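Note that this is a predicted model, so its numbers are computed, not measured. In what follows, chains are A, B, ... by sequence order, proteins preceding strands, each numbered from 1.
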2 protein chains.
Amino acid sequence: MAVTIKDVAKRVGVTPATVSMVINKSTKISDHTRDKVLKAIKEMEYHPNYIGRSLVKGKSNAIAIVAPFFSSMFSMEVLKGVEAAIGNTNYSVMLFSTVGKDANGSESLREILYGKRADGVIVLSLKVQKEVVNEFKKEGIPLISIEEIVENIPVIKVDNIKGAYNAVSYLIQKKRKHIALIVGKQCLDAEERVQGYAKALAENQIKYDATKVFRVKEHSFEEGKAMFEFLMKKRNRFDAVFCAAGDLTAIGIMEEAKARGVKIPEDLAIVGYDDNYIAGFTTPALTTVRQPLYQMGRTAFDLLISVIEKKEPYDNRIVSFEPALISRTSA
Amino acid sequence: MAVTIKDVAKRVGVTPATVSMVINKSTKISDHTRDKVLKAIKEMEYHPNYIGRSLVKGKSNAIAIVAPFFSSMFSMEVLKGVEAAIGNTNYSVMLFSTVGKDANGSESLREILYGKRADGVIVLSLKVQKEVVNEFKKEGIPLISIEEIVENIPVIKVDNIKGAYNAVSYLIQKKRKHIALIVGKQCLDAEERVQGYAKALAENQIKYDATKVFRVKEHSFEEGKAMFEFLMKKRNRFDAVFCAAGDLTAIGIMEEAKARGVKIPEDLAIVGYDDNYIAGFTTPALTTVRQPLYQMGRTAFDLLISVIEKKEPYDNRIVSFEPALISRTSA
DNA sequence: TTGTATGCGTTATCAA
DNA sequence: TTGATAACGCATACAA
């Protein structure tokens, strides 16, 4: 069996309480006893059992990250940030994927909450139900959302309006006037990007034209190829495409365009979204909008810990990060 | 405060023990009591506290994954497999990154072990020390290694010899005779890939020539570009490069080659390794070796759970997966 | 400065 | 079939 606090106490000839106080750096322990205890701890290779500690403290020293999946570029980058932020805190991270469960993660969230599996939770791209938020508030477990706006809790997101605005302004500056916009189906992100697109046009006296906005479903490469064909069939002549639906789709468009002899960026300028790993390696390299996901992960973790430890208030702030336009050669 | 088993018991007018038996599906409970208890549980929204349960059971129902980082393609794919395998088991996953700690993960591993933070551990690309393995054995916490060979515990790996062998055989079949090999610095993987390379040559009566084997350190795109230049300076004339150091480096080589007017694959055939996300999107698309990382993640998780639950013996088997050659246009 | 006693939420053993 | 009691490993209030 593993060595417990009792074993250490017995060995030193004190009570478990004393050992506990040494471990928890209580000041009211004589140097003499402390030294003896510490020595025994080392010799016996005693490590405190987190479960016992958690039970009495009502705190697990774990945080949970809940997301639809952990295999996307998006979650990977965020995770990287969290990983960096953990550093040498004594928190650990648990992962909960909602695949095969309800879409808004309620099931996983409730299990974490009521099973006391974590002291705080970060949700990624999940529309957390109001009801669930209330339950978390009631139990005093902080919840932070990344990307999706959830009411009454802190939200870490990127300024999609600005991201799109910057991209389109850039294209206009490059003398493009007939700019197609590709976005995903009506989620918040998509709508904000449409707004940014419209704003940039307006500022440059270009009329917003709804027939130049196209919707995409899967955000895939193939869809991009199909989209190019679709674009060509339109009576509109485009000199640029801002594919706010992601780089993969943008690259699909680009590949199909190239295959049909359209010169990029001369004939058609293309700007993507996400700064996917691939973007730097296509020919031509893809100009795109980068979201500071790593920073967001870091921030979310830091904020969560601060809130757990009551160093910061648990409010409904929205921390908005600025996306960056990465200018390469496709536009 | 959260509702506990006691609250439920009081409400129904039984003892906590009875409620516990209901929860744990004991058969020796009258239907009548069971119904009443179940009803109360639902009404009061009682959820068992995992920490309390863990303490008495000596089991956390969590598994830990320890890796140098969770941001690589490699760990991402493995994680995806684990994620899929978790499904509706009632295990959860904890992540432990060894960044900023000792290189072989001993620190994290010991903390997990002695802190009783997990019922089993999967290590990724980590040379676990013999000593640590023994400690795990002593405490009865199973440990499974992915990729790295660790003695006395189950290992899930890919057959690197075969991966390289297939790639080189393919090149030879395509009439290439002067094949450069790029590998990483002396880790097990690299050496196995050299073996596979040599084996394919031998089988085709091509003499193995050590001066055609080159080492790379960072496995980066830039290194690939530099490598191409380096290759050109050599007196050897190559008609193919098998870049077993990964797709990124392979793509670096390819880009630099293209920039210098070398035709791919006519003048120089290129085969990469890993089937990185990018590989399908380069021009020409990269022929490469795919490792079934997803399957490996699944297998590791399933095996670990089986071992934890004593449904399978905890041995030192080596589960070797077959890599697949993904034939595209660069070779 | 240290020891004693108690409790965290649950399960398991035994008795009723 | 159910209840009483102890135990898991630890931390803390209070007593000494």
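- Scanning residues 5-20 of chain B for heavy-atom distances under 4.0 Å to DNA chain D yields B/Gly13, B/Val14, B/Thr15, B/Ala17, B/Thr18.
- For the pair B/Glu111 and B/Lys101, the salt-bridge criterion is not met [side-chain N within less than 4.0 Å of a carboxylate O].
- Atom P of nucleotide D/dC10 and atom NZ of B/Lys116 are separated by 10 Å, given to the nearest angstrom.
- The interatomic distance linking A/Asp31 (CG) with C/dT1 (P) rounds to 9 Å, in whole Å.
- Between B/Glu192 and B/Lys157, at least one side-chain N (NZ, or NE/NH1/NH2) sits under 4.0 Å from a carboxylate O, which counts as a salt bridge.
- Side-chain nitrogen and oxygen atoms of B/Ser54 include none within less than 4.0 Å of the OP1 or OP2 phosphate oxygen of C/dT10.
- Atoms CD1 (A/Ile23) and P (D/dG9) sit 14 Å apart, rounded to a whole Å.
- No side-chain donor-acceptor contact under 3.5 Å links A/Asp159 to the backbone of A/Glu322.
- In terms of the side-chain hydrogen bond (donor to acceptor under 3.5 Å, both in side chains) criterion, A/Asp302 has no residue partners (sequence neighbours excluded).
- At its two ends the helix from C/dT1-D/dA16 to C/dA16-D/dT1 runs along axes set 40° apart, each axis drawn from five pairs and the angle rounded to 10°.
- Here B/Asp274 pairs with B/Asp247, B/Gln291 under the side chain to side chain contact (heavy atoms under 4.5 Å, CB included) rule; sequence neighbours left out.
- The closest side-chain heavy-atom distance from A/Phe301 to A/Thr89 is below 4.5 Å.
- Going from atom NZ of B/Lys59 over to atom C1' of D/dC8 covers 16 Å, rounded to whole Å.
- Side-chain contact check for A/Asp31 versus A/Arg34: some heavy-atom pair is nearer than 4.5 Å.
- Between B/Tyr114 atom OH and D/dG9 atom C1' there is a gap of 17 Å when expressed in whole angstrom units.
- If you check residues 37-50 of chain B against DNA chain D, you find no residue with a heavy atom closer than 4.0 Å.
- Heavy atoms of A/Leu55 sit under 4.0 angstrom from at least one base atom.
- Judged by distance alone, with hydrogens and angles left aside, the side-chain atoms of B/Asn49 form no donor-acceptor pair with the main-chain N or O of A/Lys116 at under 3.5 Å.
- The CZ atom of A/Arg117 sits 15 Å away from the C1' atom of C/dG9 (whole-angstrom rounding).
- A salt bridge is absent between B/Lys10 and B/Asp7; no separation between the charged side-chain nitrogens and carboxylate oxygens falls under 4.0 Å.
- In this structure, A/Lys57 places its NZ atom 16 Å from P of C/dG9, rounding to the nearest Å.
- Using a 4.0 Å cut-off between charged side-chain N and carboxylate O, B/Lys80 and B/Glu77 make a salt bridge.
- Atom P of nucleotide C/dA12 and atom CE of B/Met21 are separated by 9 Å, given to the nearest angstrom.
- B/Arg53 has no side-chain polar atom (N or O) that falls below the 4.0 Å cut-off from OP1 or OP2 of C/dG9.
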N/O donor-acceptor pairs under 3.5 Å from side chains in residues 126-134 of chain A, not counting sequence neighbours:
unit_1	atom_1	unit_2	atom_2	d
A/Lys127	NZ	A/Glu148	OE2	3.3
A/Gln129	OE1	A/Ser106	OG	2.8

